[in-house]
Amino acid sequence: MSHDPEAVLHRTSPRFTHPPTPLPSLIIHGSVFILWVLLLANALLGRGFHGWAVGLVYILYDTLLLAFTFWQTLPLRLAPRPSPRPTTRPSLAVIIAAYNEESVLAATIRSLLAQSDPPDEIIVADDGSTDGTAALLSAQFALVPPAIGAISAVSAAVPGLRWLRAPRGGKARALNRAIALVGSALFLTVDADTILADDAIAAMRAAFASTPGLVAATGVLAPFCDGTLKGRFFEWFQTYEYVRNFLGRYAWGRMDSLLLISGAFAGFRTAPVIEVGGFDPDCMVEDYELIHRLRRFGYDQGRDWHSTVLGTARARTSAPAGMMAFLRQRRRWFGGFLQTQLW
């Protein structure tokens, strides 16, 4: 069987295999579409109550969604129960996808080295950087530059640190190249501008060790921007967004229905990710699509695979500090959402 991630992807992804849509799904989606058309027609053509129907239905939907989230997140108000002590300590690698991240990469690597439970491996998946990334890795971390497409020897100064110098091909391809070289049972993807709390890796490792069916997990991310007035405003607004998203993900996770993991700080079990072909290089939001594919494959194959959000694993990540960058990010996220749903 081929171990080429793109060949495996073609065998496992619904966008290539085109599995039939189950009848219940057709009924549910068809009914929602018909309801949407009727409500839109009422909004445009209706008078009185009928003209307000779309707004009333939306208010009802949003109220039920808020009530669901409130009910499911009630346990967060209680003192957390002590987690069972894992009987094993699975090996764990961290993959840092980096493209021209000279200004932030060193701080991210140092946050990994300062962990209370450090990773066994760190791979910098350099996606063809053209800035000073190469000089930084050589000067500050004693890494010998490998050939393009190859991985370096372990750093003489930092145990377990290696440099994968990939040709420019996008984040997903760089991650897939690194995953193929990982020797650990677990791996984390950490963006080059993301700083982990000191106990973040310990929390991730413990969660996977105590839950054999866990294949993907995300931590709690807090955004940070620059210190300007505009930057502080965008940081404040996105902090609200991130908190709201955490509560929503926590609620859906309690229903075993979590389908959104943030790739800026995410943990995965290595074997299942390789089994489904890794990240899809053609997707605008490769982390979101991978969770859907893991879920679909696990369901079709009768695997007891789950995803979760861990309130005890925390990190801070750089966020857009200007309107155009903010809108570009949201456009990519929403476009990737539609793309993934279509596939």
Side-chain angles (χ1 to χ4, degrees), residues 92-119 121-127 129 131 133 136-137 140-141 158 160-164 170-172 174-175 178-179 182 184 186-205 207-208 216-227 231 234-235 238-239 241-243 245-246 249 260-268 279 285-288 290-291 308-321 325-326 328-330 332-333 336:
L92 183 146
V94 174
I95 302 173
I96 306 172
Y99 173 67
N100 289 350
E101 300 283 6
E102 174 191 6
S103 62
V104 293
L105 183 57
T108 298
I109 294 174
R110 292 194 177 100
S111 80
L112 298 175
L113 301 178
Q115 291 291 301
S116 61
D117 185 7
E121 306 174 71
I122 302 173
I123 298 178
V124 177
D126 176 11
D127 184 30
S129 294
D131 64 350
T133 295
L136 179 147
L137 291 173
Q140 297 195 30
F141 298 101
V158 181
L161 177 64
R162 293 184 291 168
W163 172 12
L164 171 63
K171 180 179 179 180
L175 288 171
I179 293 167
V182 163
S184 299
L186 313 173
F187 71 88
L188 306 186
T189 58
V190 175
D191 281 358
D193 55 3
T194 298
I195 305 298
L196 272 59
D198 292 349
D199 57 353
I201 288 181
M204 276 284 186
R205 200 192 304 257
F208 279 92
T218 187
V220 179
L221 283 168
F224 66 87
C225 302
D226 58 50
F234 274 94
E235 182 174 318
Q238 290 173 95
T239 297
E241 274 194 313
Y242 278 55
V243 170
N245 290 340
F246 163 70
R249 293 177 195 180
L260 179 56
I261 298 291
S262 175
F265 172 40
F268 298 92
F279 293 94
V285 282
E286 67 286 331
D287 47 359
Y288 181 64
L290 175 59
I291 301 305
T308 194
V309 56
L310 302 174
T312 53
R314 294 155 296 150
R316 299 177 68 241
T317 190
S318 177
F326 177 83
R328 282 195 298 270
Q329 184 188 64
R330 294 318 190 267
R332 180 176 64 85
W333 286 359

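The first residue of the sequence shown is numbered 1, and numbering continues consecutively from there. Only this structure's heavy atoms are used, side chains among them; waters, hydrogens and symmetry mates stay out.
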- Message: Using a 3.5 Å distance criterion without hydrogens, assess whether the side chain of Glu286 forms a donor-acceptor pair with backbone atoms of Ala172.
- Response: no

- Counting distance only, does the side-chain N/O of Asn100 pair as donor-acceptor with the main-chain N or O of Asp131 below 3.5 Å? yes

- Query: Taking C-beta and beyond as the side chain, do Leu188 and Met204 meet within less than 4.5 Å on heavy atoms?
  - Reply: yes

- Item | Lys171 with Asp191: basic N within carboxylate O range, under 4.0 Å | yes

- Item | Nearest heavy atoms of Gly263 and Thr189, plus distance in Å | O-OG1, 3.0 Å

- Indicate yes or no: at least one non-hydrogen side-chain atom of Val124 is less than 4.5 angstrom from one of Leu161. yes

- Query: What closest approach, in Å, do Val182 and Ala93 show between heavy atoms, and which atom pair accounts for it?
  - Reply: CG1-CB, 4.0 Å

- Item | Pairing residues for Glu121 by the salt bridge (charged side-chain N to carboxylate O under 4.0 Å, His left out) criterion, not counting sequence neighbours | Arg162

- Using a 4.5 Å cut-off on heavy atoms from C-beta on, say whether the side chain of Leu112 contacts that of Leu196. yes

- Measure the shortest side-chain to side-chain distance between Thr108 and Ile195 over non-hydrogen atoms and say whether it is less than 4.5 angstrom. yes

- Item | Closest approach of Ile96 to Ala192 (non-hydrogen atoms, all atoms of both residues) | CG2-CA, 3.8 Å

- Task: Answer whether the closest heavy-atom distance between the side chains of Glu235 and Thr239 falls below 4.5 Å.
- Result: yes

- Looking at CG of Leu137 and CD of Glu102, how far apart are the two atoms once the value is rounded to the nearest 0.5 Å? 10.0 Å

- Task: Could you grab the distance from atom CG of Leu105 to atom CD of Gln140, nearest 0.5 Å is fine?
- Result: 9.0 Å

- Straight-line distance of Trp163 CH2 to Thr133 OG1, nearest 0.5 Å: 8.5 Å

- Message: Contact between Ile261 and Leu290 at the side-chain level, heavy atoms closer than 4.5 Å - yes or no?
- Response: no

- Item | Rounded distance (nearest 0.5 Å) linking atom CG of Leu164 with atom CD1 of Ile179 | 11.0 Å

What side-chain donor-acceptor pairs closer than 3.5 Å can you find for residues 314-321, not counting sequence neighbours?
| residue | atom | partner | partner atom | Å |
| --- | --- | --- | --- | --- |
| Arg314 | NH2 | Asp199 | OD1 | 3.0 |
| Arg314 | NH2 | Asp199 | OD2 | 3.2 |
| Thr317 | OG1 | Thr194 | OG1 | 2.9 |

- Using salt bridge (charged side-chain N to carboxylate O under 4.0 Å, His left out) as the criterion, list what pairs up with Arg330, not counting sequence neighbours. Glu241

- Task: Please report the closest heavy-atom contact between Leu310 and Ala203, naming both atoms and the distance.
- Result: CD1-O, 4.1 Å

- Check whether any side-chain heavy atom of Phe141 sits under 4.5 Å from a side-chain heavy atom of Leu136, and report yes or no. yes

- Message: Show the nearest heavy-atom pair for residues Phe265 and Ala200, with the distance to one decimal.
- Response: CZ-CB, 3.8 Å

- Do Asp287 and Thr218 touch side chain to side chain, with heavy atoms closer than 4.5 Å? no

- Item | Geometric class of the Phe268/Phe279 ring pair [parallel <30°, tilted 30-60°, perpendicular >60°] | perpendicular

- Taking all atoms of both residues into account, what is the closest heavy-atom pair of Gln115 and Ser111, and its distance? NE2-O, 3.1 Å

